[in-house]
Amino acid sequence: MTIGQSMLAEFDQEMQNTRKVLERVPDDKWGWKPHEKSGTVGWLAGHVANLPGWATMTINTEEFDYAPVTGPSWQPPKIENRNDVLEVFDKEAADARAALANISDAEMLKSWKLLAGGTEIFAMPRVAVIRGVVMNHLIHHRAQLTVYYRLLGVPVPGLYGPSADEQQSNAAGSAAN
């Protein structure tokens, strides 16, 4: 089993959990944000949906300059609603899974660089980028999205067990029996 293949069970679980969260994005609250310094629901959901694609990019390239001196800065795809979020997420997650399943250990251990305007932000082995910059980053922003849901009254799905919303509905169902 390769390093990439050994990551697939965790990847699958996190993508399943992420999809559960993204399925609840409220279109009518797309522009809502909890604070002036925060991103909107729509921006945050789009960011989460795009993050698996960074695993694919990390596997398929040696570096990425998101603000090259000689050209335009990287721009995420335009995502305008829950259907767009799910479509982008499903594609990016499937592509990332396939890339993880097929990459050799030698390639996973090669260094990958993130640049901004030609300046190196970091360089680390691809496996570290996928684990720390992609997966942990995705989990962090997915958690932020669940806090947004709580503030908006959107039921939060259970991710590593039942959520408080699921426990309340289960408790109510048990009390009725």
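On a predicted model such as this, the values are computed, not experimentally measured, just so you know.
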Flag yes if more than 12 heavy atoms outside Lys33 fall under 6.0 Å of its NZ atom; otherwise flag no. yes
Below 4.5 Å, heavy atoms only, C-beta onward: do Phe89 and Val48 meet side chain to side chain? no
Judged by atom type as modelled, is there a donor-acceptor pair below 3.5 Å linking the side chain of Asp27 to the main-chain atoms of Asn81? no
Whether the side chain of Asp105 engages the backbone of Thr2 through a donor-acceptor N/O pair (distance < 3.5 Å, no angle test) should be reported. no
Pro26 meets the side chain to side chain contact (heavy atoms under 4.5 Å, CB included) criterion, sequence neighbours left out, with Asp28, Lys29, Val41, Tyr149, Leu152, Val154
The reported gap from CG in Leu145 to CG in Leu44 (rounded to nearest 0.5 angstrom) is 5.0 Å
Heavy-atom pair with the smallest gap, counting every atom of Val127 and Leu109: CG1-CD2, 4.3 Å
Using the test side chain to side chain contact (heavy atoms under 4.5 Å, CB included), find all partners of Pro34 that sit at least two apart in sequence or belong to another chain. Trp32, Ser38, Tyr148, Leu151
With a cut-off of 3.5 Å and sequence neighbours excluded, list every side-chain donor-acceptor pair involving residues 66-76.
none

Asp165 and Arg150 ion-paired at < 4.0 Å: yes
Which pairs with one or both residues in residues 123-143 pass ring pair (Phe, Tyr, Trp, His ring centres under 6.0 Å), sequence neighbours excluded? His47-His137, His47-His141, His137-His141
Under the side-chain hydrogen bond (donor to acceptor under 3.5 Å, both in side chains) criterion, do Thr61 and Trp112 qualify, and how do the steps go? CA-CA 8 Å; Thr61 65; Trp112 187 87; 2.9 Å; yes
Side-chain (Glu63) to main-chain (Leu114) donor-acceptor, under 3.5 angstrom: no
Show your working on side-chain hydrogen bond (donor to acceptor under 3.5 Å, both in side chains) between Thr58 and Arg126 and close with a plain yes or no. CA-CA 6 Å; Thr58 300; Arg126 284 184 174 116; over 6 Å; no
I'd like to know if the side chain of Glu166 and the backbone of Ser163 have a donor-acceptor N/O pair within less than 3.5 Å. yes
Can you list everything that forms a side chain to side chain contact (heavy atoms under 4.5 Å, CB included) with Glu10? Sequence neighbours excluded, please. Glu14, Arg131
With a cut-off of 6.0 Å (strictly less than), are more than 12 heavy atoms of other residues, nucleotides or ligands near CD of Glu87? no
Ion pair check, Glu107 and Lys110, cut-off under 4.0 Å: yes
Does Glu120, at its CD atom, have more than 12 non-hydrogen atoms belonging to other residues, nucleotides or ligands within less than 6.0 Å? yes
My understanding is that only residues two or more places apart in sequence, or in another chain, count here; which of them pass side chain to side chain contact (heavy atoms under 4.5 Å, CB included) with Asp90? Arg19
Interatomic spacing from CG in Asp65 to CG in Leu115 - rounded to 0.5 Å: 5.0 Å
